[in-house]
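Have a look at the structure below, then the notes.
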Amino acid sequence: MKKETIYLAGGCFWGTEHYMKTIDGVLETRTGYALGEKPLWNPPLKDHVTYEEVCNHSGHAETVEVIFDAEKISLEEILKEYCYTIDPTSLGRQGMDVGIQYRTGIYSLSEEQKETAAAFLTELQKDYKQPIMIENLSLRQFIPAEEYHQDYLEKNPGGYCHINFEKIRQMKQENTTK
């Protein structure tokens, strides 16, 4: 087994975490708050950040830590699965969730991951007229979210989620029958 970790911001982290757990080859997930390394804007790092601070413009994005077996599923396949759950052309919004904390992003731990993500996003752009708004940055910080955010949709099956899991299932089924 070859464990690899990537950080994915896809709007509200409840749905992103719930979906990623269903992917064969994903070993673990954890919700949290991430900052990517930006050339012109890097807010001061904190040892701890709360959901309330994130909602009040701490600069962090709701993000899911995804640990996967790279011998079973590639990073590119993880990113393809991730894109089923988001509108990649939306800036600071997914579903009814609006704000900087709901932006989309791929936060890498290595230059190789960042290059893989860049190539993936270049290919993805070919499918859209509008620009892709997914950040592709090196991870600067990840702070685990409060316990009540972990596995939220398993604990609260009726909780709000912008992801249409049934639509994704149908899309994937159609793609396998082509």
Side-chain angles (χ1 to χ4, degrees), residues 1-13 15-43 59-95 97 100-143 162-165 167-178:
M1 180 184 312
K2 181 182 172 201
K3 284 187 177 183
E4 195 169 323
T5 304
I6 192 74
Y7 294 83
L8 303 173
C12 175
F13 50 23
T16 305
E17 179 191 39
H18 190 73
Y19 181 76
M20 294 310 295
K21 287 180 119 175
T22 70
I23 307 305
D24 191 33
V26 170
L27 305 170
E28 298 174 45
T29 60
R30 181 169 58 156
T31 59
Y33 312 113
L35 289 173
E37 188 71 47
K38 292 186 177 187
L40 300 176
W41 183 72
N42 288 305
H60 292 80
E62 289 192 18
T63 302
V64 176
E65 177 184 64
V66 179
I67 301 170
F68 60 99
D69 180 352
E71 292 176 353
K72 200 167 196 178
I73 187 169
S74 68
L75 177 56
E76 186 174 283
E77 290 169 312
I78 291 283
L79 297 177
K80 186 184 285 187
E81 291 288 349
Y82 161 69
C83 283
Y84 278 117
T85 67
I86 61 169
D87 173 356
T89 65
S90 182
L91 180 62
R93 176 187 195 125
Q94 292 296 313
D97 297 318
I100 190 172
Q101 73 270 26
Y102 298 118
R103 67 189 181 273
T104 54
I106 302 165
Y107 305 113
S108 302
L109 294 177
S110 69
E111 195 57 38
E112 182 182 350
Q113 282 185 336
K114 196 171 174 186
E115 289 170 9
T116 298
F120 176 83
L121 293 172
T122 298
E123 281 302 306
L124 183 66
Q125 182 62 67
K126 294 176 183 178
D127 295 335
Y128 293 89
K129 290 182 181 178
Q130 309 98 317
I132 298 298
M133 303 308 289
I134 302 170
E135 292 182 325
N136 180 23
L137 302 169
S138 298
L139 181 72
R140 184 167 177 241
Q141 181 178 46
F142 180 80
I143 298 173
H162 71 277
I163 298 171
N164 184 332
F165 296 101
K167 182 179 177 184
I168 293 171
R169 189 189 64 70
Q170 290 172 357
M171 288 170 44
K172 289 172 80 170
Q173 194 171 33
E174 288 171 12
N175 287 343
T176 57
T177 58
K178 286 183 182 178

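Along the sequence shown, the residues carry numbers beginning at 1. The structure presented is a predicted model; accordingly, all values stated were derived computationally and were not measured.
For the atom pair CD of Gln125 and CD of Glu123, the computed distance is 11.0 Å after rounding to the nearest 0.5 Å. Here CZ of Arg30 is found 7.0 Å from CD1 of Ile67. Values are rounded to the nearest 0.5 Å. The structure places CG of Leu27 at 5.5 Å from CE of Met1, a figure rounded to the nearest 0.5 Å. Taking CG of Leu79 as the start and CG of Leu121 as the end, the distance is 7.5 Å to the nearest 0.5 Å. Arg103 CZ to Leu91 CG: the interatomic distance, rounded to the nearest 0.5 Å, is 9.5 Å. The CD1 atom of Ile73 sits 7.5 Å away from the CZ atom of Phe68 when rounded to the nearest 0.5 Å.
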Could you walk me through whether Tyr84 and Ile163 pass the side-chain contact (heavy atoms from CB on, under 4.5 Å) check?
CA-CA 9 Å; Tyr84 278 117; Ile163 298 171; over 6 Å; no

Run the side-chain contact (heavy atoms from CB on, under 4.5 Å) test on Ile6 and Ile106 for me, step by step, so that the C-alpha distance in whole Å, both residues' side-chain angles and the decisive distance to 0.1 Å come before the verdict.
CA-CA 7 Å; Ile6 192 74; Ile106 302 165; 4.0 Å; yes

Chi angles and distances behind the ring-ring contact (aromatic ring centres under 6.0 Å, His included) call for His162, Tyr102:
CA-CA 11 Å; His162 71 277; Tyr102 298 118; 8.6 Å; no

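Counting non-hydrogen atoms of neighbouring residues, nucleotides and ligands closer than 6.0 angstrom, the CD atom of Gln170 exceeds 12 such neighbours. Atom NZ of Lys72 is surrounded by 12 or fewer heavy atoms from other residues, nucleotides or ligands within 6.0 Å. Surrounding CG of Asp24 are at most 12 heavy atoms belonging to other residues, nucleotides or ligands under 6.0 Å away. Other residues, nucleotides and ligands contribute over 12 non-hydrogen atoms within 6.0 Å of the CD atom of Glu71. A 6.0 Å sphere centred on NZ of Lys172 holds more than 12 heavy atoms belonging to other residues, nucleotides or ligands.
Taking every heavy atom of both residues into account, Tyr82 and Thr85 meet most closely at O-OG1, 2.6 Å. Cys12 approaches Asp97 most closely through the heavy-atom pair CB-OD2, 3.2 Å. Pairing each heavy atom of Cys83 with each of Ile134, the nearest pair is SG-CD1, 4.3 Å. Nearest heavy-atom pair, Ile86 versus Gly10, reported as atom, atom and distance to 0.1 Å: CG2-CA, 3.7 Å. The minimum heavy-atom distance linking Leu124 with Pro88 is given by the pair CD2-CB, 4.1 Å. Nearest heavy-atom pair across Thr29 and Met20 is CG2-CB, 4.1 Å.
A side-chain donor-acceptor contact under 3.5 Å links Arg93 to the backbone of Gly95. Under the 3.5 Å distance criterion, the side-chain polar atoms of Glu62 are matched with a main-chain donor or acceptor of Phe13.
A salt bridge does not link Lys80 to Glu77: none of the charged nitrogens lies less than 4.0 Å from a carboxylate oxygen.
Counting only heavy atoms from C-beta outward, the side chains of Gln94 and Asp87 approach each other to under 4.5 Å. Using a 4.5 Å cut-off on side-chain heavy atoms (C-beta onward), Leu8 and Ile78 make contact.
Ring orientation note: the planes of Tyr33 and His60 are nearly perpendicular, at an angle over 60° on the 30°/60° scale.
Checking each of Glu115, Glu37, Lys114 against Ser108 for a side-chain contact (heavy atoms from CB on, under 4.5 Å) leaves exactly one that passes, namely Lys114. With Tyr107 as reference, Glu135 is the one residue of Glu135, Gln113, Gln141, Arg140 to meet the side-chain hydrogen bond (donor to acceptor under 3.5 Å, both in side chains) rule.
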